[in-house]
Structures are given as structure tokens and as C-alpha cells.
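Worth knowing before you read on, the calculation uses all heavy atoms, side chains too, and leaves out hydrogens, waters and symmetry mates. Order of listing sets the numbers, starting from 1, for every ligand and every atom in it. Predicted model only: the values in this text are computed from it and were never measured.
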Amino acid sequence: MSERPSSFETVCWRDGAVVMLDQRLLPEIERYNTYEDAHGVAHAIRTMVIRGAPAIGVAAALGVALAATRTSGDARAVARAANDACDLLAATRPTAVNLFWALDRMRRRLSSSTSNDAVALRQALLAEALAIREEDIAMCRRMGSHGAALVPDGATILTHCNAGGLATAGHGTALGVVRSAVEQGKRVRVLADETRPLLQGARLTAWELARDGIPVTVIVDGAAASHLARGEIDMVVVGADRVAANGDFANKIGTLGVALAAAAHGVPFYVAAPWSTVDLATPDGAAIPIEERAADEVTHIHGRRVTPEGVPVRNPAFDVTPARLVTALITDRGLAQPPNAETIGRLAEGATP
Ligand code: MRU
């Protein structure tokens, strides 16, 4: 497989609006939704039409551009609308730092604009959002080629959740490593944890890999440890919603269990994340805010109740894995191997080993 663009668009700007593939409906229905205002984009992020840390950041940036381009009046009115959109979008999901990274960039673009010209300001904000989208694809591609070097030919790779093209503007983080390895001619097979409660592995990872002709097998979350114990898995690669300065990271609930099982059986465990996911202002995993989502995601499957009425449930969307369980952090700037304050600090200075 040579380098080729995704066969689907996760999120893009089309005819003055934001268009997203509705991930809640996959794999059965492939529907693109059009959003005409920032409220719609915020609602789409909150309700998981779009999800995955980098994709959330890109959608939010486009949401700010949308607010600016749809506001008539002078430059002050445009700036006010863009600032309000930043506040609105920042309140959607708390864990993925890419959201705040992208909104910070939009705010910086806004405050660096000296123009009193509303047209120029709208154009500048749209250009910034489109640049964030393009850069995300480029970061995934660079990360993919750094990571592909770690993939043995013939490898069976375990992944959790969906860290693919659907979780980014294209190519993916963990699945970007897989795609780049395939582009290099390596034969790989992916085991995808189904990822309860919202089944991002079963629905989304399986959908996008099958579509690209990459062999994928879905397993239930509880099966991962026994596949690792039986020596059937050569490496684990997952994405991240936030990587702290010491290398601890948050990712979809269940990632910690996979990391512990991989360590117990001596299987290398890699985290693939673009630099926009690394949060040097968060010292360690304990400081990462963890989103708690609605109970009905656990109590119901496809609208049908699966737990007894009245029994409480917990639904943290993410867990934190300590850096000591991670073999290497794969970024677009290179590897932090093992990830810790020193190796991440070197990447922060821009090193590409
Ligand atoms: O709740 P989600 O689906 O947004 O969670 C997504 C994940 O946990 C991904 O693994 C993470 O965002 C990395 S995506 C490249």
C-alpha cells in the first residue's frame, strides 16, 4: 500500500460550514452532518458525533472559525463572537488537551490580529483553523513513520479504543503507526478491544481498518489479558488524550488494565500521540482531569437497559496509565523512550532522534 489519503473525511470545512462524519452511527450508517454554528459544533463534540483527542481539537478550531465567519458587523463583533465560541467549546469535554491546545491557538491568532477589518479577521481565523487541520494530518504521518520502525514484520498488534483516522483529521495516531507500517510493506494484524461502553474499538477501529484492507479482529475487553498471556500479541499501541510532563497519560477507560497485562507478560506497550497531546503544564497523571459521562452509556446498549433499575453505575471515560508501564511515547517529534521528564523535555526542545 503506498501513501494515500483517507477514504473518509472525519471533519472538514465545506461551503462555509463544518462537516463531520457522524461517528455515533458507524458502522451501519455513513452520514455526514453539516454544522452552521458553534453551538452545533459544541453539541457534536459533547455527544460524540466526533471524538478522539486530535479530532476534537480540529473540530473546535473550525467551530471558532465558523462563529467568526457567520458574524456580521465590525471586527469587534467578530472578535467577540470568536471569544464566546472559544468559551463554549472549551466546556465540552475536559480530558483531551488537544481541545484546549487548539482553542489557545485560535485565541492567540485573535489577539495577535491588529486589523480593524472584519473581513481580514474572519479570513485569519479560518486560515488558522484550516492550518490546525492540515498540521494534524502531517503530525500523524510523521508520528506514523517514527512508530512504524518499531513494528516487526508479521506483527500482531493490540489496540484499545479508536486512535485512527476517525480520531484525527486523517491517518491516525496508534492506527497511523499501523498504516505507516503497512505502507512500508510490513504484514500486520490488529486485535481491536471492543471498548465498552461506547464500543469505539468494535465499531470504529474495525470499520476503518477493514475499509483499508488491514486485517483486524475484534475481541471483548476482558479477552486482552489472556491473548497477551498466550503470547499471541507482539506489541500494544494506543493513543492518548493527554500526556503529562512526566510521561503518565490518560486514555480511554480500560487502557490501564491493558498496560498492566502487557507489562506482566513482557509485551512492549507504546503510546502514539502528536505533540498537541503533550501537556507540559500538567506535571503528572494525578493532575489530569477525568471526564465522567452519563450513566445511561453503561446502563443501556442500543437503547435497551442491561442493568437492573436503581443500581448505581460509574462511568469515568478515561483512566491514567503511569509512565513506568510505557515502553516508548511515539510523537511527531520522535520517540521518548522510556517516557519521563528528561526524554519528554528533550522532545520539547524540538529534538527528533
Ligand atoms: O471518548 P473518546 O472516544 O473521545 O476517547 C478517545 C480515546 O480515548 C482515544 O484513544 C484518544 O483520544 C486518542 S485518539 C488519537
Side-chain angles (χ1 to χ4, degrees), residues 6 10-11 20-24 26 44-60 92-102 136-137 139-144 147 158-180 190 192-209 221 236-243 249-259 269-279 288-294 297-298 315-321 326 329-332:
S6 271
T10 305
V11 54
M20 297 180 207
L21 179 55
D22 191 335
Q23 299 192 28
R24 300 168 306 179
L26 291 172
I45 294 172
R46 209 175 287 118
T47 58
M48 316 274 282
V49 169
I50 190 160
R51 31 65 51 201
I56 291 170
V58 172
T92 50
R93 297 194 70 191
T95 304
V97 77
N98 307 61
L99 171 65
F100 307 100
W101 173 88
D136 185 59
I137 300 171
M139 283 193 285
C140 286
R141 288 220 153 261
R142 282 199 299 278
M143 191 176 8
L158 174 66
T159 192
H160 189 73
C161 194
N162 172 266
L166 289 168
T168 62
H171 199 63
T173 62
L175 299 189
V177 170
V178 170
R179 282 198 171 88
S180 293
V190 173
D193 282 348
E194 64 175 353
T195 318
R196 272 286 284 152
L198 296 181
L199 302 175
Q200 288 93 331
R203 296 187 303 107
L204 308 179
T205 294
W207 180 80
E208 65 167 88
L209 290 181
D221 295 334
V236 181
V237 189
V238 297
D241 281 77
R242 192 183 296 226
V243 179
F249 75 101
N251 191 48
K252 179 54 56 195
I253 192 78
T255 302
L256 172 61
V258 176
F269 181 97
Y270 298 103
V271 179
W275 197 250
S276 51
T277 305
V278 178
D279 181 13
I288 300 176
I290 299 296
E291 176 183 12
E292 286 267 351
R293 292 187 61 86
E297 291 180 353
V298 177
N315 189 17
F318 302 97
D319 57 24
V320 172
T321 299
V326 181
L329 168 66
I330 304 162
T331 79
D332 49 296

ask   = With backbone taken as N, CA, C and O and side chain as the heavy atoms from C-beta onward, which portion of P54 lies under 4.0 Å from ligand 1: side chain, backbone, both, or neither?
value = side chain
ask   = Quick one: does D221's side chain have a donor or acceptor within less than 3.5 Å of a partner on T195's backbone?
value = yes
inquiry  = If I apply the N/O under 3.5 Å rule, does G52 come out as touching ligand 1?
reply    = yes
ask   = Counting only heavy atoms, which portion of C161 has something under 4.0 Å from ligand 1: side chain, backbone, both, or neither?
value = side chain
key: ligand 1 N/O within reach of T168 N/O, cut-off under 3.5 Å   = no
task = Determine whether any heavy atom of A240 lies closer than 4.0 Å to an atom of ligand 1.
result = yes
task = Please write down residue, atom name and distance for the protein heavy atom closest to atom 9 (C) of ligand 1.
result = N251 OD1, 3.3 Å
message = Check this for me: does any side-chain nitrogen of one of E297 and R196 sit under 4.0 Å from a carboxylate oxygen of the other?
response = no
ask   = Are any non-hydrogen side-chain atoms of M143 and P274 less than 4.5 angstrom apart?
value = yes
ask   = Going by the atom numbers of ligand 1, which of them fall below 4.0 Å from some non-hydrogen atom of A167?
value = 14 (S), 15 (C)
ask   = Do L26 and L166 come within less than 4.5 Å of each other through their side chains, counting heavy atoms only?
value = yes
query = Given that the side chain starts at C-beta and the backbone is N, CA, C, O, which of these parts of K252 lies under 4.0 Å from ligand 1, counting heavy atoms, or is it both or neither?
reply = both
key: Backbone N/O of P289 and side chain of T95: donor-acceptor pair under 3.5 Å   = yes
key: Test of proximity, A53 against ligand 1: N or O pairs below 3.5 Å   = yes
query = Which of these, T173, I56, L175, sits in a side-chain contact (heavy atoms from CB on, under 4.5 Å) with T168?
reply = T173
query = With only distance considered, is T173 within less than 3.5 Å of ligand 1 through an N or O on each side?
reply = no
request  = Tell me which protein heavy atom sits closest to atom 11 (C) of ligand 1, plus the residue, atom name and distance to 0.1 Å.
outcome  = D241 OD1, 3.0 Å
key: For N162, the option from Q200, R51, R203, K252 that meets side chain to side chain donor-acceptor pair (under 3.5 Å)   = R51
key: Any R93 heavy atom less than 4.0 Å to ligand 1   = yes
Option from N251, D193, T205 for which side chain to side chain donor-acceptor pair (under 3.5 Å) with H160 holds = D193
request  = Output yes when a side-chain donor or acceptor of N315 lies under 3.5 Å from a complementary backbone atom of A294, and no otherwise.
outcome  = yes
task = Answer yes or no: is there a donor N or O on one side and an acceptor on the other, between the side chain of T277 and the main chain of A273, under 3.5 Å?
result = no
request  = Assess H160 for proximity to ligand 1: is some non-hydrogen atom of it under 4.0 Å away?
outcome  = no
Residue Q200 vicinity, atoms of ligand 1 by number, heavy atom under 4.0 Å = 1 (O), 2 (P), 3 (O)
query = Near A163, which atoms of ligand 1 are under 4.0 Å from a heavy atom of that residue?
reply = 14 (S), 15 (C)
key: Per-atom contacts, ligand 1 versus F318 - under 4.0 Å to a heavy atom   = 1 (O), 5 (O), 8 (O)
